[in-house]
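Labels below follow one simple rule: chain letters A, B, ... track the order of the sequence lines, proteins then strands, and each chain is numbered from 1.
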Amino acid sequence: MRRLPRSFYARDPRTVARALLGRVLVSELARTRVSARIVEVEAYRGANDPASHAWRGRTARNAVMFGPAGHAYVYFTYGMHYCFNVVCEREGVAGAVLLRALEPLEGLALLRRRRRVHARERLLRGPGCVGQGLALTLAHDGLDLVTGPLWIADIPPERGGARPASGPRIGIRFARERPWRYWLRGNACVSGPAARRAGDSR
DNA sequence: GTATCGATTAGC
DNA sequence: CTAATCGATACA
């Protein structure tokens with residue numbers, strides 16, 4: 001299956017975030033293939049985005065956010081969770097899209113083993129659960145999605161008739177008013193309470 | 001050096 | 001609502 005080209009990622013993260021909704025992520029990191037539809041994402045920018053890890057400039061942790069687009073930015077947080085982003089923008093400009101929730105398509109048994117949860121809609125719901133389900137660690141930080149075993153398929157988004165919705169990002173302290181969280185309205189795999197899965201219709 | 005805080009989650 | 005759990009960050 002064809003992968004999204006680097007040019008897809010090398011744009012403003014808000015544009016990439018919207019364009020990612022409904023597309024299929026594939027992991028061939030383990031022997032068993034896992035694939036899942038992207039249903040919820042958040043865009044993070046650089047110096048002009050106080051909620052971004054890159055707000056205060058380049059550090060060891062956020063270095064790949066400043067690198068070429070189409071790579072994975074994986075970070076460790078709360079002492080126990082790994083979160084998965086795709087790097088955007090041209091090299092030297094920070095930007096990324098956090099994958100917050102996906103709808104599992106292939107590899108359900110492996111996901112259930114890793115997550116120790118049965119319900120399909122809970123396997124990849126929430127950014128920490130995405131990291132756990134895909135078994136990501138800091139070893140995957142910087143992985144190239146255009147050439148590596150973890151990638152996003154270049155096929156038209158399948159949104160199941162749902163109009164993409166947008167609203168404020170979750171769990172941040174600054175820049176709360178910016179509506180840079182995007183999701184497929186009503187999809188059961190979107191994180192948070194049912195009310196959050198509904199939302200507006202931008 | 002020490003103190004605080006997470007782009008979170010599960011459980012009560 | 002809170003505990004879990006540790007790297008990054010802030011500050012003395």
Side-chain angles (χ1 to χ4, degrees), chain A residues 9 12-18 20-21 25 36 38-67 69 71-89 93-104 111-143 145 150 165-184 188-197 199:
Chain A
Y9 300 103
D12 185 296
R14 295 164 295 185
T15 304
V16 177
R18 273 186 293 259
L20 281 175
L21 287 178
L25 174 79
I38 298 167
V39 300
E40 182 188 0
V41 296
E42 281 175 359
Y44 287 88
R45 306 184 71 196
N48 41 18
D49 182 3
S52 172
H53 290 166
W55 184 40
R56 294 165 204 273
R58 187 181 186 126
T59 66
R61 176 173 71 156
N62 66 25
V64 311
M65 274 187 80
F66 290 82
H71 288 249
Y73 166 47
V74 179
Y75 66 88
F76 181 62
T77 191
Y78 288 98
M80 62 190 91
H81 301 297
Y82 294 93
C83 297
F84 175 31
N85 303 251
V86 301
V87 174
C88 303
E89 298 282 16
V93 178
V97 173
L98 172 68
L99 301 193
R100 285 193 58 91
L102 300 91
E103 178 183 335
L111 289 173
R112 288 185 170 120
R113 208 175 323 141
R114 287 172 174 166
R115 291 271 301 116
R116 300 171 180 276
V117 162
H118 184 81
R120 189 174 92 111
E121 62 272 18
R122 291 194 48 197
L123 293 173
L124 297 171
R125 183 160 84 185
C129 300
V130 170
Q132 187 178 37
L134 297 176
L136 297 178
T137 68
L138 294 186
H140 302 103
D141 188 35
L143 209 65
L145 308 179
L150 181 64
S166 70
R169 294 172 291 183
I170 307 297
I172 55 170
R173 204 157 76 154
F174 305 108
R176 287 195 170 147
E177 74 290 353
R178 303 183 190 186
W180 295 347
R181 167 175 173 260
Y182 307 90
W183 68 97
L184 295 186
C189 299
V190 171
S191 74
R196 196 198 278 171
R197 271 169 244 147

Within the distance-only criterion (no hydrogens, no angle test), does the side chain of Asp49(A) pair as donor or acceptor with the backbone N or O of Gly46(A) below 3.5 angstrom?
-> no

For the pair made of CZ in Arg61(A) and C1' in dA10(C), what is the distance, rounded to whole Å?
-> 14 Å

In whole angstrom, what separates Trp55(A)'s CH2 from dG6(B)'s C1'?
-> 15 Å

So, does Arg114(A) use its side chain to make a donor-acceptor pair with the main chain of Leu123(A) at under 3.5 Å?
-> no

Side-chain N or O of Arg181(A) closer than 4.0 Å to phosphate OP1/OP2 of dA7(B) | no

For side chain to side chain donor-acceptor pair (under 3.5 Å), just list the numbers for Tyr82(A) and His140(A), CA-CA rounded to whole Å, side-chain angles, deciding distance to a tenth of an Å, and then say yes or no.
-> CA-CA 10 Å; Tyr82(A) 294 93; His140(A) 302 103; over 6 Å; no

Interatomic distance, CD1@Ile38(A) vs OH@Tyr182(A), rounded to 0.5 Å, equals 14.5 Å

Which nucleotide, dA7(B), dA10(B), dA10(C), lies nearest any side-chain atom of Tyr75(A)?
-> dA7(B)

For Gln132(A) and dT8(B), give me the distance from atom CD to atom P, rounded to whole Å.
-> 15 Å

Side chain of Thr59(A) (C-beta onward), nearest among dT9(B), dC6(C), dT9(C) | dT9(C)

Leu99(A) CG - dT8(B) C1' separation (whole Å) | 16 Å

Any Arg115(A) side-chain N or O less than 4.0 Å from OP1/OP2 of dT9(B) | no

Check the interface with nucleotides 1-4 of chain C: list each N/O to N/O pair with the protein under 3.5 Å, or write none.
none

For the residue pair Phe174(A) and Trp55(A), categorise the inter-ring angle as parallel (less than 30°), tilted (30 to 60°) or perpendicular (more than 60°).
-> tilted

For the pair Trp183(A) (side chain) and Val39(A) (backbone), establish whether a donor and an acceptor sit closer than 3.5 Å, ignoring hydrogens and angles.
-> no

For the pair made of CZ in Arg58(A) and C1' in dT9(C), what is the distance, rounded to whole Å?
-> 19 Å

d(CD1, Ile172(A); P, dC5(B)) in whole Å = 17 Å

Please determine if a side-chain N or O atom of Arg173(A) lies less than 4.0 Å away from the OP1 or OP2 oxygen of dC5(B).
-> no

In Asp141(A), Val64(A), Asn85(A), the residue satisfying side chain to side chain contact (heavy atoms under 4.5 Å, CB included) with Tyr75(A) is Asn85(A)

Quickly, which of Glu103(A), Arg181(A), Arg197(A), Arg125(A) forms a side chain to side chain contact (heavy atoms under 4.5 Å, CB included) with Glu40(A)? Name it, please.
-> Arg181(A)

When we call it a touch if two heavy atoms are under 4.0 Å apart, what does Gly128(A) touch: a base, just sugar-phosphate, or nothing?
-> sugar-phosphate

Face-on cation placement of Arg169(A) at Tyr44(A) ring, 6.0 Å and 45° thresholds | yes

Return the value, rounded to whole Å, for the distance between atom CZ of Arg116(A) and atom C1' of dT9(B).
-> 16 Å

Please examine the side chains of Tyr9(A) and Glu89(A), heavy atoms only from C-beta on, and report whether any two atoms are closer than 4.5 Å.
-> no

Spacing of Phe76(A) atom CZ relative to dG6(B) atom P, expressed in whole Å = 16 Å

Intra- and interstrand pairs of DNA chain C - dot-bracket, Watson-Crick/G-U under 3.5 Å, | marks other strand | ||||.||||||.

Take Phe174(A) and Arg125(A), find for each the nucleotide of DNA chain B with the closest heavy atom, and name the residue whose nucleotide sits nearer the 5' end.
-> Phe174(A)

